[in-house]
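Right, one structure below, let's go through it.
Only a predicted model underlies this, so the values are computations on that prediction, with no experimental measurement involved.
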Amino acid sequence: MAKPHGSADAADLIREADVAAPMRDGVLLRGDVFRPAGPGRFPALILRTPYGRTGDPDELRFARRAVGRGYAVVLQDVRGRHGSEGAFTPHAHEGRDGFDSIEWLAAQPWCDGRVGSFGLSYAGSVQWFAALENPPHLLAMAPAMTFARLRDAVRSQGVLDMDWLRWAYVAIAPDLRVRAGLPGPADIPAAEADWARCGAALLATLPLLDLPELDGCLAFLRDWLTHPQDDSWWDFGDVAGKYDRVTAAVLNLAGWHDDAFTVAGAVENHRGLVAARARKGAEPRSMLVLGPWSHGINAVTGDARFGTRDFGPAARLDYDGLVLDFMDRHVRGRRNVLAGVAPVSCFFMGGNAWRVGPEWPPAGTREFLLHLAAGPEQADGVGRLALLPPDCGPEGSVFAADPSRPVAETPGSGLGAVDHADLRGPGVLLFETAPLASALTVAGRIRAEIFLTADVPDLDLYVRLLDVAPDGAAFNLMDIGAEVARVGLLGGPLAADEVRRVPIDTPHTANVFLAGHRVRLAVFASWRPGMSLNLQTGASEVASAAMRPARVTIRHCAAQPSRIVLPLLPPPRA
């Protein structure tokens with residue numbers, strides 16, 4: 001295989017291992033330095049990671065490509081991880097340590113003082129925390145697939161994303177065990193094998209505070225579980241609202257099928273930064289790229305396949321090349337392919353094509369309302385999505401919500417677009433349109449407004465939007481975390497016979513529902529094991545295990561018109 005354009009051969013670079021960078025409190029963080037073999041001083045790029053600086057082939061490939069472009073690169077272990085000293089508390093030290101690492105890097109004899117940062121997920125959030133400290137030598141950053149608020153990453157509208165338990169057990173715990181001399185899996189492959197054996201039991205643990213790992217190397221999870229989403233304890237993890245502190249140029253990147261908080265985070269971070277700079281009369285120097293991907297560089301490049309919906313070759317993106325072009329533009333100040341490019345690039349699923357423009361959501365959308373209604377005698381258990389609210393017929397549709405028999409997560413749906421044709425049954429209500437006579441192009445924030453009654457004080461409400469092909473395949477458009485709300489947090493416990501309006505307005509998407517396809521909405525109250533379980537008693541699953549089944553009525557009448565609101569773009573002019 002030919003090497004990527006601009007990639008450095010081993011003879012063209014110098015690699016220095018275990019290079020120590022002192023932090024202001026004396027703790028040493030270690031990293032590996034990659035730099036061109038020739039003499040001179042170079043602009044430098046830094047990635048800071050909790051996952052080990054030597055083991056990610058995508059990061060190592062990027063480092064070599066960056067050296068081929070004339071950059072020095074540092075891959076550094078964050079505090080308390082792998083080769084670095086100190087104690088690891090997720091996100092707590094990344095602002096100060098990031099500032100100190102960037103300024104240390106700028107002062108190295110082989111660095112010309114111009115610094116950029118890159119990385120995704122945790123390595124994306126650390127860039128924001130460092131940028132909030134305003135290191136003077138940081139000129140550009142590329143924080144991909146990360147959040148605007150840590151609290152919204154851990155919980156979606158009050159519901160805990162259970163994948164954090166797998167993340168902690170597999171990706172974080174092994175190194176912490178080794179450092180503490182504790183028994184158990186000592187590396188990620190061993191932890192993955194152990195998770196395959198015991199993960200299902202851990203995910204089923206109730207109350208969640210009974211998880212044995214909370215008393216071992218994953219004690220930080222106890223704080224995550226015991227502090228509600230709106231608790232001020234989480235303030236340290238907020239990026240949102242602080243954009244006026246950031247001076248670096250920013251490349252925001254996320255995937256429609258990544259965790260919901262990464263799409264919401266990329267959009268809010270980009271829009272917030274642009275607005276903050278507009279107030280100062282400054283250039284925005286922010287880009288937003290939204291593609292059809294799941295989590296990880298290999299999802300962006302297409303080197304790994306996630307999901308079963310085909311988005312075509314246009315979905316593949318040269319991640320390394322994009323980031324390096326951005327750094328050339330804003331670290332080196334070169335006029336290149338990004339000069340004059342519109343700041344927002346968005347992939348439209350279904351149409352399988354990119355569109356560029358000045359803003360997100362795109363201008364020119366109109367609200368397209370689809371109202372929930374009973375079908376003809378609820379044929380096959382499927383109701384209708386209608387243009388007008390029903391003025392007659394049944395005023396509601398009923399489903400059973402039993403936490404002891406939860407709705408099963410559609411396999412693979414946490415990693416991409418997969419067929420949800422089997423998402424049906426006594427715990428699920430379905431509503432859908434007739435086959436579309438012409439395509440509907442949806443772009444922006446989706447809103448659902450659901451009116452319900454229930455005979456329990458609390459429940460979770462999921463509204464899953466699906467694109468149904470003529471062959472019956474029903475594909476999700478986003479991560480489930482964008483399509484849920486904990487009802488009890490929206491006005492307190494439900495009273496008997498109370499009709500509660502439940503808004504869900506977190507999803508973003510860009511999708512073309514093609515002619516002949518249907519728009520389907522699935523409504524249900526649990527998603528296991530991907531999300532935590534609402535016990536429906538009013539007590540939290542964090543501290544309780546007692547459950548209560550419910551009879552839930554979704555109201556759809558003129559007085560209580562449950563509906564979904566789609567931002568519709570007009571068809572392109574001929």
Side-chain angles (χ1 to χ4, degrees), residues 4-5 120 142-145 249-258 262-267 269-271 274 284-330 336-365 416-417 439-446 467 475-479 482 507-515 517 566-574:
H5 175 69
L120 63 84
M145 299 180 173
V250 181
L251 170 61
N252 302 277
L253 181 145
W256 296 130
H257 291 285
D258 195 3
T262 69
V263 176
V267 169
N269 289 338
H270 171 73
R271 287 169 56 90
V274 170
R285 293 181 301 116
S286 179
M287 290 184 65
L288 175 64
V289 179
L290 299 169
W293 315 299
S294 181
H295 199 69
I297 293 174
N298 58 359
V300 176
T301 61
D303 293 331
R305 177 74 182 271
F306 298 97
T308 56
R309 189 180 184 187
D310 184 9
F311 296 117
R316 297 168 64 102
L317 189 71
D318 180 5
Y319 169 86
D320 297 354
L322 174 63
V323 173
L324 289 171
D325 286 344
F326 190 80
M327 296 301 166
D328 284 350
R329 181 81 185 98
H330 294 285
N336 61 5
V337 294
L338 296 184
V341 171
V344 176
S345 297
C346 174
F347 188 91
F348 280 69
M349 299 177 288
N352 292 356
W354 290 91
R355 298 190 188 187
V356 297
E359 60 189 351
W360 178 267
T365 61
L440 294 180
T441 300
V442 173
R445 185 188 292 272
I446 311 294
D467 184 341
F475 289 108
N476 54 305
L477 304 183
M478 63 197 74
D479 175 61
H508 291 265
T509 195
N511 187 74
V512 180
F513 293 88
L514 298 173
H517 286 224
L566 304 178
L568 200 64
L569 276 175
R573 294 179 180 177

Take V300 and R316 through the test side-chain contact (heavy atoms from CB on, under 4.5 Å) and record every step on the way to the result.
-> CA-CA 6 Å; V300 176; R316 297 168 64 102; over 6 Å; no

Apply the test side-chain contact (heavy atoms from CB on, under 4.5 Å) to residues H257 and N476: give CA-CA distance (whole Å), side-chain angles for both, the deciding distance (0.1 Å), then the verdict.
-> CA-CA 9 Å; H257 291 285; N476 54 305; 3.7 Å; yes

CA sep, side-chain torsions, deciding dist, call: T301, D318, side-chain contact (heavy atoms from CB on, under 4.5 Å) = CA-CA 6 Å; T301 61; D318 180 5; 5.9 Å; no

Go through the steps to decide whether F475 and T308 satisfy the test side-chain contact (heavy atoms from CB on, under 4.5 Å), and finish with yes or no.
-> CA-CA 9 Å; F475 289 108; T308 56; 3.5 Å; yes

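For the pair H508/L290, no side-chain contact is recorded, criterion being any heavy-atom separation below 4.5 Å from C-beta on. Side-chain atoms of L322 and L317, non-hydrogen and from C-beta on, do get closer than 4.5 Å to each other. Annotation: side chain of P143 is in contact with side chain of V250 (closest heavy-atom distance under 4.5 Å). Contact of the N252 side chain with the V289 side chain is not registered, since no non-hydrogen atoms from C-beta on lie closer than 4.5 Å. The shortest side-chain heavy-atom distance between W360 and V267 falls under the 4.5 Å cut-off. In this structure, L566 and V442 have side chains that are in contact, with non-hydrogen atoms separated by less than 4.5 Å. Residues L338 and F326 have side chains in contact (heavy-atom distance under 4.5 Å, counting atoms from C-beta outward). Counting only heavy atoms from C-beta outward, the side chains of I446 and P567 approach each other to under 4.5 Å.
Of all the heavy atoms in P292 and A315, the pair that sits closest is CG-CB, 3.6 Å. In terms of heavy-atom proximity, Y319 sits nearest to I297 at CE2-CD1, 3.6 Å. A pairwise comparison of heavy atoms in M349 and L477 identifies CE-O, 3.6 Å as the closest pair. Across all non-hydrogen atoms, the minimal contact from A482 to P507 is O-CG, 3.0 Å. Nearest heavy atom pair, residue H270 against residue V344, reads NE2-CG2, 3.9 Å. Across all their heavy atoms, T441 and R355 have their closest contact at CG2-NH2, 4.0 Å.
Note that CG of L120 and NE2 of H295 are 5.5 Å apart. Values are rounded to the nearest 0.5 Å. Separation of atoms CD (E359) and CG (L288) is listed at 11.5 Å; rounding is to 0.5 Å. Note: L514 CG to D467 CG = 7.0 Å, rounded to the nearest 0.5 Å. Taking CZ from R285 and CZ from R329, the interatomic distance works out to 10.5 Å, rounded to the nearest 0.5 Å.
Looking only at distances, a side-chain donor or acceptor of W256 sits under 3.5 Å from a matching main-chain atom of F347. Between the side chain of D258 and the main chain of A254, no donor-acceptor pair closer than 3.5 Å is present. Although no hydrogens or angles enter the test, the distance criterion places a donor-acceptor pair under 3.5 Å between the side chain of N336 and the main chain of D325. Side chain of N352 to main chain of G350: a donor-acceptor pair is present (N/O by atom type, distance under 3.5 Å, no hydrogens or angles).
The aromatic rings of W354 and W293 are tilted relative to each other, their planes meeting at an angle between 30° and 60°.
With a 6.0 Å radius and a threshold of 12 heavy atoms from other residues, nucleotides or ligands, R271 has its CZ atom at or below the threshold.
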